[in-house]
Protein chains: 4
Amino acid sequence: MTGLALQFADEPCAEALSDARLLAAMARFEAAVARACAQNGLVPPEHAEAIASVCEEAKFDTARLARDARRAGTLAIPFVKALTAQVAKASPDAAGYVHLGATSQDVIDTAVVLCLKTAGGRILELTQRLGDAAAALAERHRDTPTVARTLLQPALPIPFGFKAAVWLSILTRGRAQFRQALEGAAMLQFGGAAGTLSSYGEKGDAVSQALAEALSLSRPAIPWHSARDSFARLGSETAILTGAAGKIARDLSLLMQPEVGEAMEPSAPGRGGSSAMPHKRNPALSLLALAAAQRAPGLAATLLGQLSPEHERGLGHWQTQWFTLRDLFLDCSSSLAAMADGLEHLEVDSAAMSVNLHRTRGLVFSEAVSLRLAQSLGKSAAHALTERLCERAAREGKTLEEVLRADPEAAQAIPASEIAALFDPAPAFGLAGAMIDRAVEAWRQAYSSARHPRSHE
Amino acid sequence: MTGLALQFADEPCAEALSDARLLAAMARFEAAVARACAQNGLVPPEHAEAIASVCEEAKFDTARLARDARRAGTLAIPFVKALTAQVAKASPDAAGYVHLGATSQDVIDTAVVLCLKTAGGRILELTQRLGDAAAALAERHRDTPTVARTLLQPALPIPFGFKAAVWLSILTRGRAQFRQALEGAAMLQFGGAAGTLSSYGEKGDAVSQALAEALSLSRPAIPWHSARDSFARLGSETAILTGAAGKIARDLSLLMQPEVGEAMEPSAPGRGGSSAMPHKRNPALSLLALAAAQRAPGLAATLLGQLSPEHERGLGHWQTQWFTLRDLFLDCSSSLAAMADGLEHLEVDSAAMSVNLHRTRGLVFSEAVSLRLAQSLGKSAAHALTERLCERAAREGKTLEEVLRADPEAAQAIPASEIAALFDPAPAFGLAGAMIDRAVEAWRQAYSSARHPRSHE
Amino acid sequence: MTGLALQFADEPCAEALSDARLLAAMARFEAAVARACAQNGLVPPEHAEAIASVCEEAKFDTARLARDARRAGTLAIPFVKALTAQVAKASPDAAGYVHLGATSQDVIDTAVVLCLKTAGGRILELTQRLGDAAAALAERHRDTPTVARTLLQPALPIPFGFKAAVWLSILTRGRAQFRQALEGAAMLQFGGAAGTLSSYGEKGDAVSQALAEALSLSRPAIPWHSARDSFARLGSETAILTGAAGKIARDLSLLMQPEVGEAMEPSAPGRGGSSAMPHKRNPALSLLALAAAQRAPGLAATLLGQLSPEHERGLGHWQTQWFTLRDLFLDCSSSLAAMADGLEHLEVDSAAMSVNLHRTRGLVFSEAVSLRLAQSLGKSAAHALTERLCERAAREGKTLEEVLRADPEAAQAIPASEIAALFDPAPAFGLAGAMIDRAVEAWRQAYSSARHPRSHE
Amino acid sequence: MTGLALQFADEPCAEALSDARLLAAMARFEAAVARACAQNGLVPPEHAEAIASVCEEAKFDTARLARDARRAGTLAIPFVKALTAQVAKASPDAAGYVHLGATSQDVIDTAVVLCLKTAGGRILELTQRLGDAAAALAERHRDTPTVARTLLQPALPIPFGFKAAVWLSILTRGRAQFRQALEGAAMLQFGGAAGTLSSYGEKGDAVSQALAEALSLSRPAIPWHSARDSFARLGSETAILTGAAGKIARDLSLLMQPEVGEAMEPSAPGRGGSSAMPHKRNPALSLLALAAAQRAPGLAATLLGQLSPEHERGLGHWQTQWFTLRDLFLDCSSSLAAMADGLEHLEVDSAAMSVNLHRTRGLVFSEAVSLRLAQSLGKSAAHALTERLCERAAREGKTLEEVLRADPEAAQAIPASEIAALFDPAPAFGLAGAMIDRAVEAWRQAYSSARHPRSHE
């Protein structure tokens with residue numbers, strides 16, 4: 001991946017999914033096939049080594065490969081031809097053993113998987129960063145009062161950390177499921193022309209086993225040439241992680257509205273300016289995550305729509321999944337990286353939160369009032385009275401506290417000395433603290449199991 | 001679900017997802033809330049029982065609820081109002097305790113989950129039937145020669161059971177993942193107005209715990225009002241199972257072409273006729289599965305596009321997910337049921353398979369020829385010679401065996417006595433038998449873990 | 001359409017798309033076929049009348065039809081059977097002429113088209129209402145200052161009418177295109193078993209012509225059994241209108257945030273309340289439109305994914321398009337109706353707009369300042385100076401006007417007497433007035449051409 | 001567009017949509033802005049010419065632009081900066097006038113439109129080629145008997161040209177609608193910071209008019225920064241054209257099955273081979289079209305999901321539409337080009353068609369038999385008798401003609417002398433000939449209106 005599309009990608013992820021890397025992975029597959037055959041007496045060892053050594057350094061004319069692939073119906077044909085030509089230069093006798101027993105889809109699917117594995121590792125890293133940042137925010141703001149907003153309307157006081165903990169809960173599930181889907185997709189594709197490894201005779205099993213080991217891939221019970229479920233699943237999980245970053249971006253971009261002003265993406269030179277308006281501070285990171293979240297569902301749907309290929313190898317289903325998955329991974333990495341940058345140095349304005357909490361005439365404390373009234377009046381009567389008080393506050397431009405103190409029915413129900421406490425946010429937090437703790441704890445468990453990525457991923 | 005849409009649904013699944021069942025599940029939630037509150041001293045026990053008893057028998061005017069819900073912005077408001085009115089008739093004092101501490105989304109999300117759980121169980125059953133049928137076919141036809149078709153062209157001989165084993169491999173993964181996603185989604189939604197269970201004070205945790213137990217749902221670390229990932233994941237897995245059935249249908253409908261004629265959906269009175277053409281035998285079951293597979297990706301994409309709601313409760317994201325998930329489940333159940341019917345009594349025509357195998361002048365044996373030639377000539381020369389032989393066979397209207405026997409270069413490479421064996425399908429099966437065995441074994445393991453659905457699901 | 005789904009539908013539209021209406025339209029088709037055949041001597045006139053008269057009153061057992069349709073592979077088979085039985089009761093001889101020469105897809109596709117035409121008329125009406133409301137707002141608020149917001153950040157002053165005029169521009173295009181797509185889709189489907197009307201011999205053309213006239217549908221050059229482009233196009237245009245309503249809803253829901261508070265959906269009894277929070281005034285209409293806008297793209301994608309059916313009649317492509325189009329139309333009608341209600345009585349708070357305009361320390365006037373500075377300093381220097389002034393204002397908590405007056409470089413560039421005018425919104429409106437006028441004028445042209453719907457639609 | 005993705009693109013289309021072309025179009029916009037400003041006295045003419053002259057030759061470091069764009073939130077900021085620096089080298093005084101009065105989205109949206117216009121012209125050309133090829137096939141095979149297949153089952157005889165005429169009917173509608181959508185999208189985007197062209201004062205209208213003329217774009221009533229309907233519509237029409245090519249590919253790939261063997265994509269060196277199976281002749285062109293048709297719906301859905309951006313400029317909606325539209329255009333061009341290649345030299349095997357027609361024991365003539373029987377027995381009895389005859393033919397392995405001649409009831413109904421004629425395909429063609437003529441005529445009309453693309457497109 002190069003070019004302007006990099007604006008919407010994480011560079012290390014894009015690098016792992018470049019054309020060059022795909023071709024290198026294809027060469028790596030061919031090297032490993034030659035060696036696995038050699039281990040099983042199907043290819044003379046020196047020829048396998050000759051092939052492997054050319055594979056390591058092989059160079060390809062990408063544009064020409066693309067053109068020939070368009071004609072041939074598959075990239076594998078011109079690729080194998082070009083590779084064979086390079087092997088032939090080094091060792092004419094070895095050339096006859098290139099791609100022995102494999103089919104086009106074997107080399108392409110496996111190479112795609114190899115690239116996705118690396119890029120998926122990067123996505124896991126970025127998710128880790130993002131989750132850690134959300135966890136830190138959740139803990140840091142376990143007691144910072146802000147207002148919950150439902151349907152974009154102020155509802156009740158919550159700690160700001162509660163919002164971060166909800167983000168975190170999505171990432172906790174999403175990271176585990178993405179990893180599982182990535183591992184599930186990290187299967188060797190190796191079946192030869194019809195999927196049965198028919199050309200190796202009895203040795204197919206051993207060759208296949210050796211190949212899977214050499215490439216550190218799992219070996220499915222049966223090839224998946226026309227079983228595209230693992231890619232569809234991986235695509236959906238990628239879209240879900242992208243949506244998780246999009247959720248954070250949605251909230252940040254709303255909090256950054258100057259009329260709200262409760263949190264700001266960190267500023268940085270060159271970030272979030274406007275070519276026409278010098279005063280603006282745009283949610284440039286949130287923009288990246290939201291852009292990705294808007295694109296991911298359609299791409300995931302493409303993979304979900306390619307589950308029913310014809311017979312043993314379909315027409316058009318698998319051939320372009322590299323491109324669809326690449327776009328999905330780039331969207332996902334872009335959004336995660338942007339939000340990790342955003343949360344790690346998020347500027348939280350707790351004073352603004354406090355102002356906003358009280359700005360709506362204390363109406364966000366109406367639940368506390370209603371509950372307290374219910375102790376004396378019963379739920380229905382309390383709800384109705386609270387509604388009337390809220391309306392009066394709105395109509396008369398007073399605070400809820402003022403109208404509450406002035407109302408005779410309310411006065412009977414609540415002693416004056418208890419009224420002030422109803423407008424304190426902290427008691428209204430309910431279980432928020434415990435919920436934050438649990439959400440962070442759940443993440444930490446995932447975190448520690450992810451601490452040694454080398455052994456687990 | 002009633003009406004003409006039932007044409008494209010499994011009835012038990014549709015029944016579990018009817019409007020009436022959703023309302024009943026909502027009532028079940030309210031009953032359980034009242035009791036959980038009573039257990040914790042928040043509601044007098046007799047009032048809780050009065051509520052619960054009304055909930056069991058509550059009747060609703062669906063059309064009126066829908067109209068009022070449209071105005072209110074949520075079904076929960078008119079529902080709670082109607083329920084409260086019914087409680088009030090039975091026990092005026094109890095009425096004040098209906099829906100205590102819960103929010104609209106709590107009752108709706110939880111009721112949706114309860115209905116999905118039942119319907120999901122039905123989907124698991126259907127998947128079981130379909131997988132069992134595929135496994136049986138895979139075993140029964142472990143040695144039945146047919147031709148593999150790649151890109152809709154005959155490729156190589158395979159046993160017919162290989163095809164069924166590939167279907168099975170998708171179902172093995174898909175069933176496990178669907179179950180996991182269903183369990184993951186089977187979470188209580190319970191947070192009250194802002195998600196923090198603020199109205200219960202210290203008792204929120206105990207109420208929530210009791211409620212989860214009463215409804216046999218898991219309790220998440222933190223409410224998921226604006227964390228819609230579990231529904232998105234469930235939607236994707238549902239689409240994947242639908243695609244798995246679609247894959248089988250794709251193959252069956254192609255095999256049923258009279259020009260191919262290798263397998264037929266079982267005939268039944270009233271199935272697959274034509275209003276205009278009495279001779280037709282339409283793939284009416286495959287049609288159902290393919291129709292579902294065409295609809296599922298767009299529906300799943302809707303859920304993947306609703307991952308970024310605003311703040312603590314979004315606008316439009318969760319409110320319609322019931323309908324989207326219902327459509328997905330109906331599509332899935334319809335396709336699985338149709339394919340289970342199709343595979344359980346599939347009419348396999350092994351004679352037709354044999355005819356087709358040999359019909360293309362033996363060209364599907366070209367790999368065997370090419371491999372044998374390679375032993376003498378090396379891979380490249382063998383491939384080139386085989387290509388020439390195939391072309392000559394096509395041009396001269398002869399079989400590959402005939403031109404092979406007539407070709408002097410080939411004659412040198414292969415003793416005449418070895419030629420006949422090259423045109424025997426069975427040796428060309430490669431590892432197919434072992435692959436089938438592994439795929440069936442993998443399914444059987446899932447099967448036995450699924451044998452006691454009561455304890456596992 | 002009945003049941004809880006009505007919450008998310010416009011009722012007249014839902015009524016036009018009910019199961020009963022589809023069956024009635026199918027009967028209407030069969031009546032018209034019988035009469036068209038009678039006109040051409042293929043059916044005795046009295047039999048045609050007998051059929052037609054039964055068709056007008058025919059009753060069907062929907063659930064049974066659905067079940068039989070599931071088995072048959074098409075609703076048409078049990079439908080024709082049930083209809084024939086009813087005709088047979090009235091006139092045994094006439095029964096043999098029911099559905100003469102037609103195929104299943106003829107009656108279903110045509111009936112779908114007939115229902116869509118009515119429902120599409122309703123959508124055009126709703127669009128008219130919505131556009132008229134937007135046009136009225138655009139004109140009424142041609143000079144009401146508010147702030148443009150780009151990337152959710154205040155940008156520059158604009159009149160509020162500008163916002164409404166942008167909404168209107170989408171509706172102007174969208175209404176015309178939807179109508180065109182609806183007319184394009186309003187094609188008779190009539191081809192018989194293979195599409196060639198083979199069973200009528202020479203009379204096919206005349207029968208087909210008579211049928212098209214009787215049903216007021218256009219007649220395509222060739223049947224469209226496997227040409228589903230018109231439905232895909234109609235689906236996309238429906239999604240675009242839904243998105244147009246969604247755009248309005250997005251803006252309204254953001255403007256209704258109490259922190260912004262510039263416009264409010266009209267309140268009404270029972271609208272937008274909360275089961276837990278009596279003080280809330282939820283954007284309940286916007287919610288409906290946003291919910292619809294989230295669902296429409298996936299549904300439209302389903303139709304775009306069904307463009308490649310097999311041969312002369314596909315498997316699964318057309319069979320469920322009724323349901324997909326119905327859902328799309330319901331979503332669209334729901335969103336348009338909600339937004340028409342919202343805009344017709346929108347509560348606009350111009351005082352709040354004015355407050356917000358000046359709240360950001362006058363920074364939204366920075367373009368005016370920068371442009372004025374550029375007259376003296378050149379564009380780059382002016383941009384840089386304005387940026388510094390904005391930063392200083394933010395840092396020191398002053399207004400832009402204050403720092404501008406205090407800055408020596410600025411003082412040299414702008415005479416003090418000219419400064420106040422830079423902070424007047426109206427001069428900053430640019431071409432907004434003319435743009436509003438043009439947008440309204442474009443709509444009015446569409447409006448008057450739509451005034452006589454009977455003759456044009 | 002470069003790299004391996006070219007395998008799935010038409011090269012001229014890809015060239016028109018390359019990064020370089022987008023940057024050149026952005027420079028073209030800036031040149032035209034400067035000149036339009038100069039025409040209206042806002043920029044000294046010599047400075048405008050200096051800018052324009054640099055724009056023509058401007059070079060950009062794409063990777064660096066992408067990186068800076070990621071930080072800035074928009075490509076326009078680093079682009080304008082880089083361009084300004086190049087202008088400054090040539091003329092320091094002119095540099096201050098670059099991008100005067102425009103906003104980031106103005107330059108990007110307009111540049112996208114300029115590139116799409118060129119690429120869209122290429123798509124129209126390819127559609128023309130494809131339609132012409134389909135029209136030629138329709139005419140050439142106006143009387144070539146083949147079998148209609150519904151639900152993948154043989155139905156009735158039709159001429160092969162009927163199939164091509166159905167393809168053509170989709171292209172006739174699709175080409176007109178795509179052109180209309182392309183023209184509709186070919187709108188200047190020009191509004192400055194808030195869309196109101198506020199920085200030009202009274203001269204905005206004249207500048208905008210001059211700019212639209214210079215770039216040969218239409219001028220909308222009001223800017224479309226947050227009105228993305230035209231791009232959504234264009235995306236949908238692109239997907240529909242892609243689906244039209246996909247429909248042709250679906251049919252070709254099915255016809256190319258050796259078991260059917262009725263038509264073959266033209267063979268060419270390097271086309272459609274297999275790396276493992278020398279005998280294969282893959283539908284390599286159909287593969288390209290089907291791959292594109294599988295990807296297009298998800299991409300179009302992305303655009304349909306971006307219709308509701310926030311306020312005057314959205315977060316993520318417009319920023320990536322270049323990439324989505326590019327992918328859609330490439331898919332579309334790839335599929336059209338492939339199918340044009342496929343149809344222009346399609347190898348039609350009318351002998352095979354004839355064989356297949358008669359292969360199903362003459363059952364495809366059952367409609368003719370049934371109709372003839374109905375003349376004597378009435379429709380119901382005839383249908384029932386035909387059904388029995390068909391079953392007997394299948395059961396006894398006889399042809400329908402044989403069992404018909406042998407059946408006593410049938411013998412009474414049809415004179416023996418009339419039987420042979422019932423098994424002649426041509427009389428069963430019905431209106432096919434007239435339908436073909438109409439479809440071709442409709443295309444020809446579109447063709448001639450498209451003959452002078454320079455003046456119309």
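Residue numbers start from 1 in every chain, and the chains themselves are labelled A, B, ... in the order their sequence lines are given, proteins ahead of strands. For the numbers below, each heavy atom of this structure counts, side chains included, while hydrogens, waters and symmetry mates do not.
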Trainee: Measure Leu100(B) against the heavy atoms of chain A and call it side chain, backbone, both or neither at under 4.5 Å.
Mentor: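 The answer is both parts of Leu100(B).
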Trainee: Heavy-atom pairs under 4.5 Å with chain A: which of Leu304(B), Ile222(B), Leu254(B) has the most?
Mentor: Ile222(B)
Trainee: What part of Leu371(A) gets within 4.5 angstrom of chain B, counting heavy atoms only: side chain, backbone, both, or neither?
Mentor: side chain
Trainee: Leu168(A), Leu290(A), Val98(A): which one forms the most heavy-atom pairs within less than 4.5 Å of chain B?
Mentor: Val98(A)
Trainee: Between Tyr200(B) and chain A, with a heavy-atom cut-off of 4.5 Å, which part of the residue counts as in contact: side chain, backbone, both or neither?
Mentor: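 Contact with chain A involves no heavy atom of Tyr200(B) at all.
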Trainee: Heavy-atom distances under 4.5 Å only: say whether Val440(B) touches chain A with side chain, backbone, both or neither.
Mentor: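 For Val440(B), no heavy atom lies under 4.5 Å from chain A.
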Trainee: Verify, without hydrogens or angle tests, whether Arg250(A) (side chain) and Ser308(B) (backbone) share a donor-acceptor contact under 3.5 angstrom.
Mentor: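 Present.
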Trainee: For Trp224(B) together with Phe231(B), are the ring centres under 6.0 Å from each other?
Mentor: yes
Trainee: Look at Gly316(B), Pro309(B), Ala300(B), Ala381(B) and state which one has the largest set of heavy-atom pairs under 4.5 Å with chain A.
Mentor: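 Max contact count across the listed options: Pro309(B).
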Trainee: So which atom in Thr150(B) and which in Ala193(A) form the shortest heavy-atom distance, rounded to 0.1 Å?
Mentor: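 Looking at all heavy atoms of both residues, the shortest contact is CG2-O, 3.8 Å.
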Trainee: Measure across Ser208(B) and Leu197(B) and return the closest heavy-atom pair with its distance rounded to 0.1 Å.
Mentor: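 Heavy atoms only, the tightest pair is CB-CD1, 3.8 Å.
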Trainee: Which atoms of Ile170(B) come close to chain A, meaning under 4.5 Å heavy atom to heavy atom: side chain ones, backbone ones, both, or neither?
Mentor: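 For Ile170(B), the contact with chain A is made by backbone and side chain together.
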Trainee: Stepwise, does the salt bridge (charged side-chain N to carboxylate O under 4.0 Å, His left out) test hold for Glu312(A) with Lys163(B)?
Mentor: CA-CA 8 Å; Glu312(A) 279 64 51; Lys163(B) 191 181 280 278; 3.1 Å; yes
Trainee: Side chain of Ser370(A), backbone of Ser366(A): donor and acceptor closer than 3.5 Å?
Mentor: no
Trainee: Check each atom of Gln180(B) against the heavy atoms of chain A and say whether the ones under 4.5 Å are side chain, backbone, both or neither.
Mentor: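 Answer is side chain: those atoms of Gln180(B) sit under 4.5 Å from chain A.
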Trainee: Please state whether the side chain, the backbone, both or neither of Arg219(B) comes within less than 4.5 Å of a heavy atom of chain A.
Mentor: side chain
Trainee: Please look at Ala434(B) and chain A and tell me whether the side chain, the backbone, both or neither of the residue comes under 4.5 angstrom of a heavy atom of that chain.
Mentor: neither
Trainee: Less than 4.5 Å to any heavy atom of chain B: does that hold for the side chain of Glu237(A), its backbone, both, or neither?
Mentor: side chain
Trainee: Output, in order, the C-alpha distance, side-chain angles, deciding distance and verdict of side-chain hydrogen bond (donor to acceptor under 3.5 Å, both in side chains) for Ser169(A) and Arg438(A).
Mentor: CA-CA 9 Å; Ser169(A) 71; Arg438(A) 282 177 201 155; over 6 Å; no
Trainee: Keeping the roles fixed (side chain from Gln319(B), backbone from His317(B)), state whether a donor-acceptor pair exists under 3.5 Å.
Mentor: yes
Trainee: Considering only heavy atoms and a distance below 4.5 Å, find which of Gly201(A), Ala439(A), Ala244(A), Gly195(A) pairs most often with chain B.
Mentor: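 Sorted descending by pairs with chain B, the first entry is Gly195(A).
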Trainee: Yes or no on side chain to side chain contact (heavy atoms under 4.5 Å, CB included) for Leu328(A) and Arg295(A), after CA distance, side-chain angles and deciding distance?
Mentor: CA-CA 8 Å; Leu328(A) 267 169; Arg295(A) 284 166 55 88; over 6 Å; no
Trainee: If you count heavy-atom pairs under 4.5 Å between each of Gly235(B), Gly433(B), Gly430(B), Ala232(B) and chain A, which one has the most?
Mentor: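 Highest number of heavy-atom pairs under 4.5 Å: Gly430(B).
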Trainee: Name the member of Pro220(A), Ala368(A), Ser226(A), Gly298(A) that forms the most heavy-atom pairs with chain B at distances under 4.5 Å.
Mentor: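 Of Pro220(A), Ala368(A), Ser226(A), Gly298(A), Ser226(A) has the most heavy-atom pairs under 4.5 Å with chain B.
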Trainee: What part of Thr242(B) gets closer than 4.5 Å to chain A, counting heavy atoms only: side chain, backbone, both or neither?
Mentor: neither
Trainee: Are the side chain of Glu310(B) and the backbone N or O of Leu315(B) linked by a donor-acceptor pair below 3.5 Å?
Mentor: yes
Trainee: Just give me the residue among Leu255(A), Leu299(A), Asp251(A), Thr196(A) that pairs up with chain B most often, heavy atom to heavy atom, under 4.5 Å.
Mentor: Thr196(A)
Trainee: Using a 4.5 angstrom heavy-atom cutoff, name the option from Pro223(A), Gly184(A), Ala95(A) with the most pairs to chain B.
Mentor: Pro223(A)
Trainee: Which atom names give the shortest non-hydrogen contact between Pro157(B) and Phe365(B), and what distance separates them?
Mentor: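 The pair with the smallest heavy-atom distance is CG-CE2, 3.6 Å.
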Trainee: Are Ser236(A) and Ser236(B) close enough that a side-chain donor and a side-chain acceptor fall under 3.5 Å?
Mentor: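 On atom types as modelled, these side chains qualify, holding a pair under 3.5 Å.
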Trainee: Check whether the side chains of Glu367(B) and Ser198(A) place a donor and an acceptor atom closer than 3.5 Å, and report yes or no.
Mentor: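 There is such a pair between these side chains.
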Trainee: Which bit of Glu441(B) is near chain A, if near means a heavy-atom gap under 4.5 Å: side chain, backbone, both or neither?
Mentor: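 Neither the backbone nor the side chain of Glu441(B) comes within 4.5 Å of chain A.
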Trainee: Highest number of heavy-atom pairs under 4.5 Å with chain B: which of Ala289(A), Gly174(A), Ala221(A), Gly204(A)?
Mentor: Ala221(A)
Trainee: Please give me the minimum heavy-atom distance between Ala138(B) and Ala165(B), naming the atom from each residue.
Mentor: CB-N, 4.0 Å
Trainee: Please classify the contact of Gln375(B) with chain A as side chain, backbone, both or neither, using a heavy-atom distance under 4.5 Å.
Mentor: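 Nothing of Gln375(B), per the 4.5 Å heavy-atom cut-off to chain A.
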Trainee: Please classify the contact between Gln294(B) and chain A as side chain, backbone, both or neither, with a heavy-atom cut-off of under 4.5 Å.
Mentor: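 When you check distances to chain A, no heavy atom of Gln294(B) falls under 4.5 Å.
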Trainee: Under a 4.5 Å heavy-atom cutoff, which of Gly191(B), Ser199(B), Ala296(B), Pro427(B) has the most pairs with chain A?
Mentor: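 So the answer, after comparing Gly191(B), Ser199(B), Ala296(B), Pro427(B), is Ser199(B).
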